[in-house]
Structures are given as structure tokens and as C-alpha cells.
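Quick caveat, the model's predicted, so the values are computed rather than measured.
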Amino acid sequence: MYFGLVTKAMSKQNKYIGILEKILTHLKNSKLEYFKASDHALSSEKKRFFNQQALIRNRFFQDVLGELQRSGMSSDDIIISQFNFDQLLISTIDTLKSSAIEKCLHADQALLKIYSDLKKFEKSNLDFDRHIDRLEVSVSQNEKWISNFTEKRINSF
């Protein structure tokens with residue numbers, strides 16, 4: 001009986017760590033998408049926004065990395081440094097025709113979905129709700145800009 005409880009607790013801890021590692025990968029990719037969007041931005045407002053969002057994702061990355069280390073993971077154990085190039089290629093093909101801002105939006109939506117998986121775990125030393133709130137704000141802003149861009153494109157025909 002006791003062994004079963006220990007195994008179940010370890011399995012839950014492993015799932016928690018797996019989700020955190022997945023978030024790390026997505027935060028790193030999202031940060032890069034925001035830097036790319038900043039490079040393509042035409043207005044200083046958008047350039048500042050994209051750079052700020054990239055820096056926020058870097059801060060979140062550091063928060064999650066710290067949480068993993070508090071959970072007993074060493075830097076050498078974390079999978080983030082090992083890329084799955086097949087997965088990267090597939091995700092690149094799927095979003096090849098998307099604009100930089102659309103890629104940022106998709107990255108944030110994917111992050112929000114993964115963060116929602118953390119709600120199953122009571123154990124957390126981080127305020128993940130703060131991360132979620134910031135991601136939701138950027139999703140809203142990106143959707144607004146995409147909508148405005150689409151509307152201008154339609155009206156120009």
C-alpha cells in the first residue's frame with residue numbers, strides 16, 4: 001500500500017516536471033518569435049511591445065527554471081537544451097505563411113494551454129497566475145493588431 005502511494009506521488013512529480021520543461025521550451029521559442037516580430041515591426045510602439053514581450057518571456061523562463069531546480073532538477077537534467085528538430089520543422093511548416101505577429105499569437109496561445117495543465121497541481125512555488133495574466137494581455141493585444149491589419153487589408157480592395 002505504502003509503495004503504491006510513493007509511486008503515485010513520484011509519478012505526479014514527474015508529470016509536473018514534464019509540464020515545466022515543456023513550458024521552458026515554449027517560452028524559449030516564444031521569446032525568439034517576439035524578437036523576430038520586433039525586427040519586422042514598422043512602428044516604434046510595436047517594436048517596443050515585441051521587445052518587452054520577449055524580455056517578459058525570458059523572465060518567465062528564469063522563473064520556471066528556478067522552480068525546476070527547487071523541484072530537485074539540476075541544470076544538466078533539464079531537456080531544454082536538446083531540440084527535437086523534426087518537431088521544430090513541422091511547427092515551422094505549419095506557420096510558414098503566418099505573419100510574425102500571428103506566430104507570436106500562436107506561441108502565446110500554446111503557452112496558455114500548457115500553463116492550464118499546471119492547474120492540476122497544487123504544489124508550486126511560483127505565481128503562475130501572474131504568467132497567465134501577462135500572456136492573456138499579450139494575446140489580446142496581438143489579436144487586436146491582427147484584426148486591425150486584416151480590416152485594413154479588406155478595406156483596401
Side-chain angles (χ1 to χ4, degrees), residues 12-71 73 75 78-84 87-157:
K12 190 171 184 178
Q13 176 71 3
N14 288 341
K15 287 178 184 176
Y16 178 71
I17 288 171
I19 291 171
L20 291 176
E21 287 180 333
K22 192 173 182 179
I23 288 174
L24 279 182
T25 300
H26 283 270
L27 283 168
K28 185 174 186 175
N29 293 339
S30 179
K31 177 183 79 171
L32 294 174
E33 291 298 339
Y34 273 101
F35 278 136
K36 287 179 198 173
S38 174
D39 289 343
H40 293 97
L42 299 177
S43 74
S44 59
E45 174 192 12
K46 288 181 182 177
K47 187 174 278 295
R48 263 192 313 277
F49 174 80
F50 294 138
N51 279 324
Q52 180 185 29
Q53 293 304 313
L55 294 175
I56 288 169
R57 274 132 198 85
N58 190 57
R59 192 174 321 123
F60 290 172
F61 183 93
Q62 297 304 319
D63 290 348
V64 174
L65 185 61
E67 175 68 4
L68 275 168
Q69 291 169 338
R70 283 187 293 279
S71 296
M73 299 289 292
S75 297
I78 297 174
I79 300 173
I80 189 69
S81 62
Q82 300 173 3
F83 287 107
N84 180 340
Q87 182 181 358
L88 184 61
L89 180 61
I90 290 167
S91 65
T92 303
I93 290 170
D94 286 345
T95 60
L96 197 57
K97 293 185 179 183
S98 297
S99 68
I101 195 168
E102 289 171 320
K103 290 176 185 177
C104 292
L105 175 63
H106 295 308
D108 284 348
Q109 289 169 332
L111 273 167
L112 283 170
K113 184 178 180 321
I114 300 166
Y115 270 102
S116 71
D117 292 340
L118 283 178
K119 297 281 186 186
K120 301 171 193 167
F121 300 92
E122 302 85 31
K123 179 194 176 230
S124 176
N125 296 321
L126 285 179
D127 180 11
F128 287 121
D129 289 336
R130 183 178 55 86
H131 290 203
I132 291 168
D133 290 344
R134 296 294 295 264
L135 289 168
E136 286 173 343
V137 167
S138 70
V139 163
S140 175
Q141 182 63 56
N142 287 335
E143 286 174 337
K144 179 179 147 191
W145 281 336
I146 290 169
S147 176
N148 289 343
F149 176 74
T150 304
E151 194 174 296
K152 287 178 185 176
R153 193 176 349 154
I154 290 171
N155 291 332
S156 68
F157 285 112

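The main-chain N or O of R59 is never found under 3.5 Å from a side-chain atom of Q62 such that the two would form a donor-acceptor pair. A donor-acceptor pair under 3.5 Å links the side-chain atoms of S116 to the main chain of K113, judged by distance alone. Using modelled atom types, no side-chain atom of S140 and backbone atom of E136 make a donor-acceptor pair closer than 3.5 Å.
The existence of a salt bridge linking K15 and D117 is excluded, since no basic side-chain nitrogen approaches an acidic carboxylate oxygen closer than 4.0 Å.
Here the closest heavy-atom approach between residue I101 and residue I146 is recorded as CG2-CG1, 3.6 Å. Annotation for E33 and C104: closest pair O-SG, 3.5 Å, computed over non-hydrogen atoms. Contact between V64 and L20 at its shortest, heavy atoms only, is CG1-O, 3.5 Å. Residues L105 and N142 come closest through the heavy atom pair N-ND2, 3.9 Å. R134 and I56 get closest at one heavy-atom pair: NH2-CD1, 2.6 Å. Contact record, A37 with A100: CA-CB, 3.6 Å, taken as the closest heavy-atom pair.
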Run the side chain to side chain donor-acceptor pair (under 3.5 Å) test on Q53 and R57 for me, step by step, so that the C-alpha distance in whole Å, both residues' side-chain angles and the decisive distance to 0.1 Å come before the verdict. CA-CA 6 Å; Q53 293 304 313; R57 274 132 198 85; 2.8 Å; yes

For the pair F61 and K28, evaluate side chain to side chain contact (heavy atoms under 4.5 Å, CB included) and give the outcome as yes or no after the intermediate values. CA-CA 7 Å; F61 183 93; K28 185 174 186 175; 4.2 Å; yes

Audit row: E143, Q109, side chain to side chain contact (heavy atoms under 4.5 Å, CB included) steps and yes/no: CA-CA 11 Å; E143 286 174 337; Q109 289 169 332; 3.8 Å; yes

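Under the ring-ring contact (aromatic ring centres under 6.0 Å, His included) rule, F128 has a single partner from F60, Y115, Y16, which is Y115.
Between atom CG of residue L65 and atom CG of residue N58 there is a gap of 10.5 Å, rounded to the nearest 0.5 Å. For the atom pair CD of E45 and CD of Q141, the computed distance is 6.5 Å after rounding to the nearest 0.5 Å.
The local environment of NZ in K22 is sparse, with at most 12 non-hydrogen atoms from other residues, nucleotides or ligands closer than 6.0 Å.
With a 4.5 Å cut-off on side-chain heavy atoms, Y34 and S138 count as touching.
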